[in-house]
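Following: one structure in structure tokens, then a few remarks.
Reckoned from all heavy atoms, side chains included, excluding hydrogens, waters and symmetry mates. None of these values were measured; they are calculated from a predicted model. Order of listing sets the numbers, starting from 1, for every ligand and every atom in it.
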Amino acid sequence: MKITVLSGGVGGARFLRGLRAAAPDAQITAIVNVGDDMWLSGLRIAPDLDSIMYTLAGENDEQRGWGRVGESERVSAELRAYGVGWPWFTLGDLDIGTHLARTSMLRDGLTLAEATDRITSRWQLGVHLIPASNDEVETHVVTESGEMHFQEWWTRHRAALPALSFVHHGLADASPAPGVLEAISDADVVLIAPSNPVVSIGPILAFESIHAAVSSAARVVGVSPIIAGAVVRGMADACLTAIGVATDADAVALHYGPTLLDGWLVDETDAALAPTIEAAGITARAVPLWMRDPASSAQVAGDALRLAQDL
Ligand code: FO1
């Protein structure tokens, strides 16, 4: 079975780890958000690709949610001493290895997708990661204090500056990476991971051709990133508020809409929201959605697959 997953970073990484366990014989492709990516200290940083790679490789810092386990920060201290980079955005020594590898491959003329294939081949991830685009389409946040890269809003300001809008810089001249549209149209099931709907899934669906491909896919099931009116982790509520969407499991389903979604998983505590979602033409199912560990992540991913197969 071919499964294609639209995914951002931390929540998406855990979901993919669960999916790999729930469907060990499936061919899984992850279309990964690149809106968080940026140039910093001369290196190309790709947070969502790295979060997923480290998690599937078992090399991730499970507590922090990003970066490598067993990390050190000697180079980062030197960069700070030179006043280079962002003091609020720490590049670990092992993580810098990844950024140096990626940057040198890009400078050798590889695309981001080619570099990702080469870098991820170090481990047996069991999931093929494809960046949504090889082009640089960075998410910027417009606030009263001006416009800034998403990463500054997210890590320096902890999304506390009210966002007026999110801008996908370079989108007009960008295209999906090779294989992205095929991975969606050839899939038996398309899943939307419980990632941030605005800054992780949003930048992927902002490509009209990707949105159209998912809309015409047969079985599309999303997993709510909101449980009992609160974000599971991260600051998706600040993002949803900025675009006028309530932080509720049904509001996010309706935000994606019935053109895109055929099914939507909500947590058991949100079972009462199912009729609203069903009335919009989206099949809803209430199951435990907390992904506390690999076993519960596999359960959630399995439930998403079962809903897709029951559609
Ligand atoms: N998040 C933080 O809150 N503080 C950091 O210093 C930080 C550094 C960092 C370095 C590399 C990387 O790939 C991710 C990093 N993140 C950091 C997390 C990052 O902001 C998130 O993973 C996503 O971009 C948001 O979904």
Self-check item: Polar side-chain atom of Asp95 near backbone of Arg68 as donor-acceptor pair, under 3.5 Å
Solution: no

Exercise. Please check if any side-chain donor atom of Ser51 sits under 3.5 Å from a side-chain acceptor atom of Asp48, or the reverse.
Key: no

Exercise. Could you tell me the residue and atom name of the protein heavy atom closest to atom 17 (C) of ligand 1, and the distance to it rounded to 0.1 Å?
Key: Trp66 CE2, 3.4 Å

Quiz item: Hey, what do you get for CG (Leu205) to CD1 (Ile210), rounding to the nearest 0.5 Å?
Solution: 7.5 Å

Practice problem: Evaluate whether atom CZ of Arg233 has more than 12 neighbouring non-hydrogen atoms of other residues, nucleotides or ligands under 6.0 angstrom away. | Solution: yes

Exercise. Start with the C-alpha gap between Asp36 and His149, add the side-chain angles, then the distance that decides, and say whether side chain to side chain donor-acceptor pair (under 3.5 Å) holds.
Key: CA-CA 8 Å; Asp36 296 3; His149 189 285; over 6 Å; no

Quiz item: Out of Ala46, Pro47, Gly67, who gets a non-hydrogen atom closest to atom 13 (O) of ligand 1?
Solution: Pro47

Self-check item: Nearest neighbour in protein (non-hydrogen) for atom 2 (C) of ligand 1
Solution: Thr155 CG2, 3.5 Å

Quiz prompt | Region of Trp154 engaging ligand 1 - heavy atom pairs below 4.0 Å | solution = side chain

Exercise. Could you find the nearest protein heavy atom to atom 6 (O) of ligand 1 and give me its residue, atom name and distance?
Key: Thr90 N, 2.8 Å

Exercise. Decide whether the shortest distance between a heavy atom of Trp86 and an atom of ligand 1 is less than 4.0 Å.
Key: no

Quiz item: Do the side chain of Ser195 and the main chain of Gly8 share a donor and acceptor less than 3.5 angstrom apart?
Solution: yes

Quiz prompt | Nearest non-hydrogen protein atom, atom 26 (O) of ligand 1 | solution = Asp36 OD2, 3.4 Å

Quiz item: Can you tell me which residue and heavy atom of the protein come closest to atom 20 (O) of ligand 1, and the distance to 0.1 Å?
Solution: Gln151 OE1, 2.8 Å

Practice problem: Have a look at ligand 1 and work out which part of Asp95, if any, has a heavy atom under 4.0 Å from it: side chain, backbone, both or neither. | Solution: side chain

Quiz item: Any sub-3.5 Å donor-acceptor pair from Ser72's side-chain atoms to Arg74's backbone N or O?
Solution: no

Quiz item: For ligand 1, which part of Arg156 has a heavy atom less than 4.0 Å away: the side chain, the backbone, both, or neither?
Solution: neither

Quiz item: With a 4.0 Å heavy-atom cut-off (strictly under), which part of Phe89 contacts ligand 1: side chain, backbone, both or neither?
Solution: both

Quiz item: What do the steps show when you test Trp86 against Gln151 for side chain to side chain donor-acceptor pair (under 3.5 Å), and what is the final call?
Solution: CA-CA 10 Å; Trp86 284 352; Gln151 283 297 355; over 6 Å; no

Quiz item: Does Arg158 reach ligand 1, in the sense of a heavy atom lying below 4.0 Å from it?
Solution: yes

